[in-house]
Amino acid sequence: MLALPNNTDISLTFFLTGIPGLEDIHIWVSIPFCCLYAIALSGNSMILFVIITKQNLHEPMYYFLFMMSAIDVCLSLSTLPTTLGVFWFNAREITLDSCISQLFFIHFLTIMESSVLLAMSFDRFIAICDPLRYVTILTPARILQFGLMMVLRGTLVMTPVILLLKRLLFCNNNILSHSYCYHPDVIKHSCSNTKANSIYGLVAIFLTFGLDVPLIVLSYVLIINSLLSIASPQERHKAFSTCVSHIGAISVFYIPLISLSSVHRWGHKAPPYVHTMMSNAFLILPPVLNPIIYSIKNKQIRKVILNIFLLKNGNQFKCSS
């Protein structure tokens with residue numbers, strides 16, 4: 001195969017993949033994807049609007065929820081053009097620079113979301129285990145510092161990934177497994193030695209998800225230990241119910257992420273559609289389900305959203321009458 005260096009005048013192109021075996025009906029397959037993207041964008045935009053406009057929601061927990069919804073909007077927008085482009089127009093070609101840009105934002109935003117989930121677990125830990133100091137510990141200034149640290153961590157982790165990727169040579173048959181660019185999927189098409197990329201990839205996973213998951217688990221071990229010391233079962237249930245939404249968000253984020261990583265590293269003999277379905281679940285499910293989880297399980301969010309719709313319907317009724 002022909003090796004194409006990145007610094008040549010030849011425009012290196014990758015080819016994205018839709019759903020293997022269903023290429024003839026991609027236009028129909030796009031319908032559920034359009035619905036999911038619409039739910040993700042509208043649901044998270046509603047959460048952002050509610051938190052911005054309602055003064056009583058300007059609290060630490062809702063600031064972190066605001067961050068997560070903003071990340072989910074950006075994550076949906078980062079994959080929407082290529083995914084729908086493949087399904088609608090069979091636009092499978094993407095240049096190397098565009099591919100690298102897309103995978104940077106996908107992985108950067110994924111790291112950011114993991115960081116927010118960790119911060120939310122810390123928020124729940126303080127709220128349950130040290131409620132008297134909750135407001136003094138999680139001040140707006142400190143939450144802003146958390147946000148800046150999340151951005152800094154994502155940037156520092158992803159910059160070496162991009163630099164290592166730019167030095168690689170790629171072959172001329174670069175058919176990716178997904179409808180977007182994903183780092184493990186891209187480097188396997190390189191004709192160069194990718195040992196450094198693989199090693200740093202493992203280091204990056206350890207510095208992000210490898211730290212976040214144990215810390216989240218530790219926070220919930222401490223939360224459960226604190227709840228067991230509460231004498232009243234009613235108070236115990238009420239305190240733990242505030243964590244249900246966060247546990248749901250953790251599940252819909254980490255389960256598809258771990259499944260996709262496992263398929264990429266050990267599922268080489270798995271059918272192509274398995275890679276495709278896992279990749280789509282990894283990036284679409286969290287933005288779709290997070291607004292639903294928080295709208296259903298969070299009483300204040302649900303109440304505000306219902307009031308908005310009821311007020312809107314009431315105004316329409318008055319206009320029609």
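One is the number of the first residue; the rest follow in order along the sequence. We use all heavy atoms of the structure for the numbers below, so side chains are in, but hydrogens, waters and symmetry mates are not.
Crowding of F105 atom CZ: a count of heavy atoms from other residues, nucleotides or ligands under 6.0 Å not exceeding 12. Residue F15 places its CZ atom among more than 12 non-hydrogen atoms of other residues, nucleotides or ligands, all under 6.0 Å distant.
For the pair T13 and E93, the tightest heavy-atom approach, listed with the atom from each and the gap, is CG2-CB, 3.7 Å. Nearest heavy-atom pair across S226 and I128 is OG-O, 4.0 Å. Here the closest non-hydrogen pair linking T82 and S179 is OG1-O, 2.9 Å. Annotation for F64 and M120: closest pair CB-CG, 3.5 Å, computed over non-hydrogen atoms. Closest approach of S121 to I216, counting heavy atoms only: OG-CG1, 3.8 Å. Between L169 and S190, the closest heavy-atom pair is O-OG, 2.8 Å.
Between T17 and S177 there is no side-chain heavy-atom pair separated by less than 4.5 Å. Using a 4.5 Å cut-off on side-chain heavy atoms (C-beta onward), L36 and N280 make no contact. In this structure, the side chains of Q102 and I94 come closer than 4.5 Å at one or more pairs of heavy atoms. Side-chain contact between I162 and L103 is present, with heavy atoms from C-beta onward closer than 4.5 Å. For the pair P291/M46, no side-chain contact is recorded, criterion being any heavy-atom separation below 4.5 Å from C-beta on. At a threshold of 4.5 Å between non-hydrogen side-chain atoms, the residues L65 and Y62 count as touching. Taking 4.5 Å as the limit, every side-chain heavy atom of F108 sits out of range of all side-chain heavy atoms of V157. Counting heavy atoms from C-beta outward, T194 and S198 have side chains that approach closer than 4.5 Å.
Ring-plane geometry between F209 and F253 is classed as tilted, the angle between the planes lying from 30 to 60 degrees on a 0 to 90 degree scale.
Using a distance-only test at 3.5 Å, with no hydrogens or angles considered, no donor-acceptor pair links the side chain of D123 to the main chain of P60. A donor-acceptor contact shorter than 3.5 Å links the side chain of T136 to the backbone of R133. In terms of modelled atom types and a separation under 3.5 Å, the side chain of R124 and the main chain of S219 share no donor-acceptor contact. With S295 contributing its side chain and I292 its backbone, the two residues share no donor-acceptor pair below 3.5 Å.
One hydrophobic cluster, built from ILVMFWY side chains closer than 4.5 Å, cannot hold both L109 and L152; they sit in different ones. Residues V244 and L285 do not share a hydrophobic cluster, clusters being chains of Ile/Leu/Val/Met/Phe/Trp/Tyr side chains in contact below 4.5 Å. Hydrophobic clustering keeps L165 apart from L156 (ILVMFWY residues linked when any side-chain heavy atoms are closer than 4.5 Å, directly or through intermediates). By the criterion of side-chain heavy atoms lying less than 4.5 angstrom apart, applied directly or through intervening Ile, Leu, Val, Met, Phe, Trp or Tyr residues, I27 is grouped together with L80 in one hydrophobic cluster. F206 and I111 fall within the same hydrophobic cluster, defined by Ile, Leu, Val, Met, Phe, Trp and Tyr side-chain heavy atoms under 4.5 Å apart, directly or through other members.
The salt bridge (Lys or Arg N to Asp or Glu O under 4.0 Å) search around R92 returns none, not counting sequence neighbours.
To the nearest 0.5 Å, atoms OG1 (T242) and CZ (F240) are separated by 8.5 Å. Between the CG atom of L117 and the CE atom of M112 there is a distance of 11.5 Å, given to the nearest 0.5 Å. How far OG of S76 is from CG of L41: 5.0 Å, rounded to the nearest 0.5 Å. One finds the CG atom of D97 at 10.0 Å from the SG atom of C99 (value rounded to the nearest 0.5 Å). The line from CG of D72 to CD1 of I47 is 10.5 Å long, rounded to the nearest 0.5 Å. With values rounded to the nearest 0.5 angstrom, I301 atom CD1 is found 13.5 Å from I293 atom CD1.
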Could you go through the ring pair (Phe, Tyr, Trp, His ring centres under 6.0 Å) check for Y182 and H107 one step at a time? CA-CA 8 Å; Y182 188 62; H107 289 279; 4.9 Å; yes
Step-by-step side chain to side chain contact (heavy atoms under 4.5 Å, CB included) determination, Q300 to K54: CA-CA 10 Å; Q300 288 182 276; K54 299 302 176 181; over 6 Å; no
Tell me, with the steps shown, if Y294 and H246 meet side chain to side chain contact (heavy atoms under 4.5 Å, CB included). CA-CA 8 Å; Y294 277 93; H246 181 239; 4.0 Å; yes
Step-by-step side chain to side chain contact (heavy atoms under 4.5 Å, CB included) determination, Y63 to L138: CA-CA 10 Å; Y63 289 142; L138 292 175; over 6 Å; no
Apply side chain to side chain contact (heavy atoms under 4.5 Å, CB included) to residues N290 and E113 and explain how you reach the verdict. CA-CA 11 Å; N290 283 337; E113 182 142 356; 3.3 Å; yes
What's the verdict on ring pair (Phe, Tyr, Trp, His ring centres under 6.0 Å) for F170 and F14, showing C-alpha distance, side-chain angles and the deciding distance? CA-CA 10 Å; F170 289 91; F14 289 92; 5.3 Å; yes
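Between the side chains of T79 and Y37, at least one donor-acceptor pair of N or O atoms lies under 3.5 Å.
Between F125 and the options V221, L222, D130, a side-chain contact (heavy atoms from CB on, under 4.5 Å) holds for only L222. The side-chain contact (heavy atoms from CB on, under 4.5 Å) with F282 is formed by just one residue from the set I255, L257, I258; it is L257.
Identified under the side-chain hydrogen bond (donor to acceptor under 3.5 Å, both in side chains) test for residues 20-34, with sequence neighbours left out: S30-W88. Within the structure, disulfide (SG to SG under 2.5 Å) contacts touching residues 121-152 (residues at least two apart or in different chains) do not occur.
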